[in-house]
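Numbers here simply count residues along the sequence, with the first being 1.
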Amino acid sequence: MSKSIYKIMATMMALAAMVNTGCEKLIEIDPPVNQVTTDLVFASDKLATSARSALFSTLSQTSTQNASLSLYSSLQADDLLYLGTNAGVQEFNNNTYSNVSTIHPTIFSEWYTVIYRANSIILGLQGTSGTSDAIKKQYTAEAKFVRAYCYFNLVNEFGDVPLVLVTDPNITAFQARETTANIYNQIIADLTDAKANLLSDYSATSGDRIGVNKFTAAALLARVYMFTNNYAAAESNASEVIASSQYSLIPKAGIAAGLFIKNSAESIWQTPPPVAATNQYTNEALTFVPSTLATLSTYNYRIDPRLIQLFLTTDQRRISWMASTTFSGETYTYPFKYKYRTQTLAVAAGITEYQIVMRLAEQYLIRAEARARTGTNLTGALSDLNAIQNRAGATLTTATDAATLINDIALENRKEFFTEQAFRWNNLKRTGQADAVLGALKSSYTPKSKLLPIPQAAIDANYNLTQNPGY
């Protein structure tokens with residue numbers, strides 16, 4: 001990234017410490033004024049809390065977190081079909097990304113904006129004596145968790161990228177791409193440190209699950225270890241999360257309205273809705289739920305009919321997480337996990353929906369797959385898989401051989417997490433199935449489609465930055 005970009009980001013970081021970002025419960029103090037240097041930003045617990053609030057608020061308000069993970073990845077995979085005419089969105093639907101697109105450069109830059117804020121906190125707290133040891137420990141661990149989360153998404157979207165761990169533009173302006181393997185090493189190091197130093201509960205955010213704790217770090221570690229084929233470590237971390245007293249699977253009766261809500265028992269990490277001028281909403285509801293059922297023009301996205309056919313008609317996820325209407329004899333089905341487009345509608349229903357970034361069901365399926373792939377506990381793998389199937393009202397798998405279990409777990413992953421946080425897209429790539437599955441479905445798909453191109457503006461600003469193959 002260019003020096004000018006980092007100077008802008010540095011200014012943004014300082015200014016962010018002077019405003020109330022609105023990230024609920026992360027800050028409940030008056031915003032500081034007139035502090036624009038790193039020393040002053042971290043001169044007290046009160047000021048450090050403002051910087052930490054800005055970090056989480058920036059993440060939760062980015063279009064990348066609120067749009068690309070759930071929407072664009074679902075189009076890249078085989079969960080959604082796009083019905084509109086926007087050229088940028090069609091690129092994701094067709095897996096044909098151009099260097100002149102206005103969307104993927106934003107994805108790239110927004111992750112780095114959040115990483116910059118995380119780095120500022122990590123380095124700023126190291127170099128100050130004004131904050132308490134407890135605050136330094138907690139906020140540094142939180143920032144390392146957020147940095148790891150951003151890099152996990154970056155490497156899955158772009159492959160090798162610059163590994164930026166400092167804020168000095170003289171160092172960062174011309175960094176070359178780092179290997180994905182080395183970035184995963186840094187992700188694991190950050191999450192391991194975060195897990196060791198975070199609290200065991202959500203008391204740092206007054207019980208709200210918009211904050212992170214040691215089990216949030218363990219949950220992300222479990223996911224990362226699956227992506228790096230360390231199945232024993234994935235199982236171990238998933239087991240810690242499942243065994244904790246913090247979480248429980250929402251029962252079958254609660255699937256309709258009790259899962260994607262604020263502080264649901266299954267939520268490991270949530271983000272609040274984006275703040276609008278007069279209303280609040282989850283981006284998923286605003287994007288996927290039509291504003292009216294009277295005209296097809298309000299339907300921009302429909303669930304791929306081939307995905308719908310995978311569900312039994314009695315599956316509670318089919319019943320509660322999808323909704324349909326018919327035009328000219330054809331049925332259009334859209335995602336309905338998040339049901340309220342506006343705060344007004346949510347208040348009328350007495351429900352507050354928050355975007356779920358991580359939830360307990362993933363940990364059961366991670367542990368099931370890890371056990372199946374190591375072959376050391378196939379009975380446990382079957383039990384974990386059945387736990388998710390049972391609460392959905394789906395047919396229970398009875399297989400006891402590893403190969404069948406792995407296939408059934410992959411299918412359950414797809415059904416449980418459709419249009420949610422890039423699960424399908426990332427898992428297709430992780431398991432080496434993307435080319436075969438998507439190549440058979442989309443004539444425009446090619447192997448290079450697994451990665452987005454590095455934005456041309458970033459390459460122009462940094463002579464050490466190279467492009468992904470094929471672009």
Side-chain angles (χ1 to χ4, degrees), residues 6-62 65 110 112-150 165-168 190 193-217 262-263 269-275 280 354 357:
Y6 270 97
K7 288 178 181 177
I8 293 171
M9 292 165 64
T11 303
M12 291 170 59
M13 179 62 195
L15 292 175
M18 299 190 293
V19 298
N20 183 343
T21 62
C23 195
E24 181 183 337
K25 294 294 183 78
L26 285 172
I27 175 172
E28 294 182 345
I29 59 175
D30 293 331
V33 293
N34 297 329
Q35 285 82 18
V36 295
T37 69
T38 299
D39 288 344
L40 287 176
V41 167
F42 299 102
S44 69
D45 287 358
K46 182 177 181 179
L47 297 177
T49 298
S50 295
R52 172 259 206 156
S53 178
L55 170 66
F56 279 90
S57 179
T58 299
L59 175 63
S60 67
Q61 302 302 316
T62 61
Q65 174 64 35
E110 284 190 342
Y112 275 111
T113 298
V114 179
I115 288 169
Y116 180 88
R117 292 181 185 275
N119 288 340
S120 296
I121 290 173
I122 294 166
L123 298 173
L125 289 174
Q126 287 177 357
T128 183
S129 58
T131 52
S132 65
D133 289 342
I135 287 293
K136 283 184 179 180
K137 180 180 179 181
Q138 177 71 16
Y139 292 1
T140 298
E142 290 178 350
K144 286 186 175 182
F145 171 88
V146 171
R147 183 169 70 182
Y149 173 74
C150 291
L165 302 176
V166 296
T167 57
D168 184 352
D190 278 350
D193 187 76
K195 178 182 171 183
N197 290 292
L198 287 169
L199 300 174
S200 298
D201 56 24
Y202 293 94
S203 57
T205 46
S206 303
D208 281 351
R209 300 187 181 202
I210 58 174
V212 298
N213 62 25
K214 68 176 295 182
F215 298 113
T216 320
K262 179 180 178 180
N263 296 332
W269 185 30
Q270 300 180 317
T271 61
V275 178
Q280 287 184 316
Y354 273 18
V357 184

Task: Worked check of side-chain contact (heavy atoms from CB on, under 4.5 Å) between Val114 and Tyr149 - done: CA-CA 10 Å; Val114 179; Tyr149 173 74; over 6 Å; no
Task: Gap between atom CG of Asp208 and atom CD of Gln270 - 0.5 Å precision - done: 8.5 Å
Open item on the list: Once rounded to the nearest 0.5 Å, what's the spacing between atom CG of Asn119 and atom OH of Tyr112?
Closed with: 10.5 Å
- [ ] Taking all heavy atoms of Leu125 and all of Ala48, pick out the closest pair and write down the distance.
- [x] CD2-CB, 4.3 Å
Open item on the list: Using only atom types and a distance under 3.5 Å, with no angle test, would you say the side chain of Thr58 pairs donor to acceptor with the backbone of Ala54?
Closed with: yes
Open item on the list: So if I apply the side-chain contact (heavy atoms from CB on, under 4.5 Å) rule between Ile122 and each of Glu142, Arg117, Arg147, which one comes out positive?
Closed with: Arg147
- [ ] Output the distance between atom CD (Gln138) and atom CG (Asn213), rounded to the nearest 0.5 Å.
- [x] 9.0 Å
TODO: Specify the closest pair of heavy atoms between Phe42 and Ala51, including all atoms of both residues, with the distance to one decimal.
DONE: CE2-CB, 3.9 Å
Task: Qualifying residues under side chain to side chain contact (heavy atoms under 4.5 Å, CB included), relative to Ala148, sequence neighbours excluded - done: Ile187, Asp190, Leu191
Task: Arg52 side, atom CZ; Thr140 side, atom OG1 - distance, nearest 0.5 Å - done: 11.5 Å
- [ ] Indicate the atoms forming the closest heavy-atom contact of Ala43 with Leu47, along with that distance.
- [x] CB-CD1, 4.2 Å
- [ ] Measure across Ala118 and Ala143 and return the closest heavy-atom pair with its distance rounded to 0.1 Å.
- [x] CB-O, 3.5 Å
TODO: Please examine the side chains of Leu198 and Phe215, heavy atoms only from C-beta on, and report whether any two atoms are closer than 4.5 Å.
DONE: no
Task: Ile210 to Tyr354 - nearest heavy-atom pair and separation - done: CG2-CE2, 3.7 Å
Open item on the list: What's the separation between atom CG in Leu55 and atom OG1 in Thr113, rounded to the nearest 0.5 Å?
Closed with: 11.5 Å
Task: Backbone N/O of Trp269 and side chain of Thr216: donor-acceptor pair under 3.5 Å - done: no
Open item on the list: Quick check for you: to the nearest 0.5 Å, what is the distance between Gln126 atom CD and Lys136 atom NZ?
Closed with: 9.0 Å
Task: Main-chain N/O of Gly124 paired to Thr128 side chain as donor or acceptor, under 3.5 Å - done: no
Open item on the list: Regarding Asp45 and Ser132, do their side chains bring together a donor and an acceptor under 3.5 Å, going by distance alone?
Closed with: yes
Open item on the list: Give me the atom names and distance for the closest heavy-atom approach of Thr131 to Ser44.
Closed with: CG2-O, 3.4 Å
